[in-house]
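Just so you know, ligand 1 is whichever comes first in the structure, and atom 1 is the first atom listed for that ligand. Side chains included, hydrogens not; waters and symmetry mates left out as well; all remaining heavy atoms used.
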Amino acid sequence: MNNILVRNVRVVDANKDINSDVLIIDGKINKIEDNINLEDSNIRIIDGNKKVLMPSFIDLHTHLRDPGLTQKEDLETGQRAALKGGFTVLCPMANTKPVCDNKDVMEYVLNKAKELDLCDIKQVCAITKELDGEEIIDIPSMRKYTDLFSDDGYTLFNEEILKEAFKLSKELDFKVLTHCQPEFEIVERDLKILEEIDGNLHICHISLESTLEEIKKYKNKGLKFTCEVGPHHIFGYGLEYRVNPPFAEEEDMKALIQGIKDGHIDMIGTDHAPHTAEDKEGGAPGISNIEVAFQMVNKVFKENNISLNKLSEMMSYNPAKLLELNQGLVEEGLRADLVLIDENTEDFIDTNSFVSKGKNNPFNGQKIIGKVLMTIRDGKVAYKSEGDM
Ligand code: DOR
Ligand code: ZN
């Protein structure tokens with residue numbers, strides 16, 4: 001019984017907040033209407049009372065560690081963690097072992113993801129061979145697999161390669177995702193180059209007020225590019241815990257939250273970066289956060305009077321736009337990629353209950369708000385919270 005009727009639910013996306021019934025038939029949102037009449041009894045009915053139905057979340061920035069680093073995470077655990085967190089689309093970064101800079105690794109990931117059939121996977125391809133920053137890969141030959149290229153984890157210091165990537169991004173229509181450390185200096189450099197030669201740029205995980213100011217400056221001039229912030233950089237500050245970019249100061253965090261309100265920051269990218277306890281002790285940077293990302297963001301947004309519409313825009317609609325997916329809204333005719341949430345439940349981060357192999361999250365035990373009750377992908381229930389549903 002794959003067809004579903006959600007009765008009397010609050011429907012929220014980037015541009016609506018209404019109460020309605022929502023009918024899902026054959027994987028699509030069939031009808032959004034009050035009091036839908038059911039002739040077919042072969043439809044699962046879900047009581048939406050006091051619940052919110054939103055587009056499922058889309059993560060532009062995930063580390064799934066497969067192939068080669070599967071002691072930290074693999075395609076199955078990472079995607080199950082994502083579904084638990086309400087995400088149905090993931091863009092795994094290329095810093096696997098071997099690096100995803102060639103067709104064999106790319107096909108391995110895409111085939112395994114297809115077999116698992118858990119989330120939609122848009123694998124990111126490296127820009128330089130083995131992420132060495134020295135030698136550009138054969139981008140045209142990899143373009144057929146993906147429109148996302150990034151050396152994430154490593155800053156692209158070589159300006160010639162950056163310029164070549166920008167130039168190709170226009171010719172071949174793909175996005176360049178940049179990891180920037182030292183953050184301000186690299187963002188400043190990249191935006192200057194972007195203004196000169198044009199390209200399709202998305203700036204990953206910004207963390208500093210100064211960076212945001214630089215971004216604002218260029219956005220106000222009309223330069224087109226996007227940027228993201230990680231849930232952890234708006235949730236905490238000043239922690240010694242190692243993540244890249246590092247936790248910043250309170251003023252930075254406040255500025256980022258203001259940047260969200262003002263519309264200068266386009267989306268949330270989790271930068272879910274699972275590690276083993278051993279690797280973490282050895283200094284590996286990263287936070288495992290995908291299954292609590294929504295709850296972390298929801299808490300911060302509530303405390304700062306930022307609407308659920310805005311959350312939906314930043315976690316679904318804007319990433320969908322960037323990925324050119326006809327998703328990210330709750331509208332009749334769209335594929336039913338949805339998440340049913342309880343908006344106000346108080347919950348606590350409990351890394352022991354993580355589905356992800358990575359239990360590395362410095363906020364363990366801290367309060368978060370909201371809960372993912374059910375994740376629906378392509379009209380099918382892909383995750384359901386035990387006890388709640
Ligand atoms: O904290 C981080 N961890 N930042 C990155 O950019 C890379 C990531 C990882 O792969 O562990
Ligand atoms: Zn990064």
Side-chain angles (χ1 to χ4, degrees), residues 59-75 77-78 81-82 90-101 105 109 123-128 130-133 148-157 162 165 175-187 190 201-208 211 226-237 239-248 256 265 267-290 293 296 319 354 356-363:
D59 189 17
L60 209 69
H61 194 147
T62 325
H63 296 273
L64 294 184
R65 311 297 194 204
D66 200 349
L69 298 164
T70 53
Q71 69 281 10
K72 297 175 193 276
E73 192 79 291
D74 62 48
L75 274 156
T77 55
L90 305 178
C91 305
M93 287 295 168
N95 60 343
T96 49
K97 201 172 164 189
V99 169
C100 185
D101 62 2
V105 175
V109 174
Q123 175 64 40
V124 179
C125 181
I127 294 171
T128 65
E130 292 176 28
L131 301 169
D132 69 359
L148 304 173
F149 289 81
S150 178
D151 270 7
D152 184 60
Y154 300 89
T155 301
L156 199 49
F157 287 104
L162 181 74
K175 274 92 191 166
V176 177
L177 281 40
T178 53
H179 172 108
C180 304
Q181 278 186 290
E183 184 176 302
F184 173 77
E185 288 78 1
I186 296 295
V187 169
D190 290 0
L201 170 66
H202 173 77
I203 302 172
C204 293
H205 45 50
I206 65 164
S207 67
L208 302 174
T211 311
T226 49
C227 68
E228 78 191 22
V229 69
H232 43 293
H233 286 119
I234 55 171
F235 192 87
Y237 60 87
L239 280 81
E240 290 294 326
Y241 198 85
R242 206 166 163 227
V243 286
N244 277 337
F247 281 102
L256 294 177
I265 301 175
M267 60 196 84
I268 303 289
T270 68
D271 198 10
H272 172 68
H275 290 290
T276 62
E278 219 179 3
D279 290 346
K280 209 56 208 166
E281 271 159 36
I287 176 172
S288 173
N289 63 6
I290 202 159
M296 290 170 73
F354 276 10
S356 166
K357 286 182 193 172
K359 317 294 178 196
N360 50 303
N361 188 309
F363 303 113

**Prompt:** Between atom CG of N360 and atom CD of E281, what is the distance when rounded to the nearest 0.5 Å?
**Reply:** 11.5 Å

**Message:** Could you report the tightest heavy-atom contact between R242 and N244, atom names first, then the distance?
**Reply:** NH2-ND2, 3.9 Å

**Asked** Distance from N289 atom CG to F354 atom CZ, nearest 0.5 Å?
**Response** 7.5 Å

**Message:** If the condition is side chain to side chain contact (heavy atoms under 4.5 Å, CB included), which residues does A126 pass it with, not counting sequence neighbours?
**Reply:** A94, V99, D101, L131, D151

**Request:** Using the ring-ring contact (aromatic ring centres under 6.0 Å, His included) rule, pick out the option among F363, F247, Y241 that qualifies with F235.
**Result:** F363

**Message:** Checking the side chain of D59 only, and the main-chain atoms of T270 only, is there a donor and an acceptor separated by less than 3.5 Å?
**Reply:** yes

**Request:** For the residue pair H61 and H205, categorise the inter-ring angle as parallel (less than 30°), tilted (30 to 60°) or perpendicular (more than 60°).
**Result:** tilted

**Prompt:** Which N, O or S atoms belonging to the protein are less than 2.8 Å from the Zn ion (ligand 2)?
**Reply:** D152 OD1, H179 ND1, H205 NE2

**Prompt:** Taking atom OH of Y154 as the centre, does the number of heavy atoms from other residues, nucleotides or ligands within less than 6.0 Å exceed 12?
**Reply:** no

**Asked** List by chain and number: which residues place a heavy atom under 4.0 Å from ligand 1?
**Response** H63, R65, N95, D152, G153, H179, H205, V243, N244, D271, A273, H275, P285, G286

**Prompt:** side chain to side chain contact (heavy atoms under 4.5 Å, CB included) with T155: which residues, sequence neighbours excluded?
**Reply:** F157, H179, Q181, I186

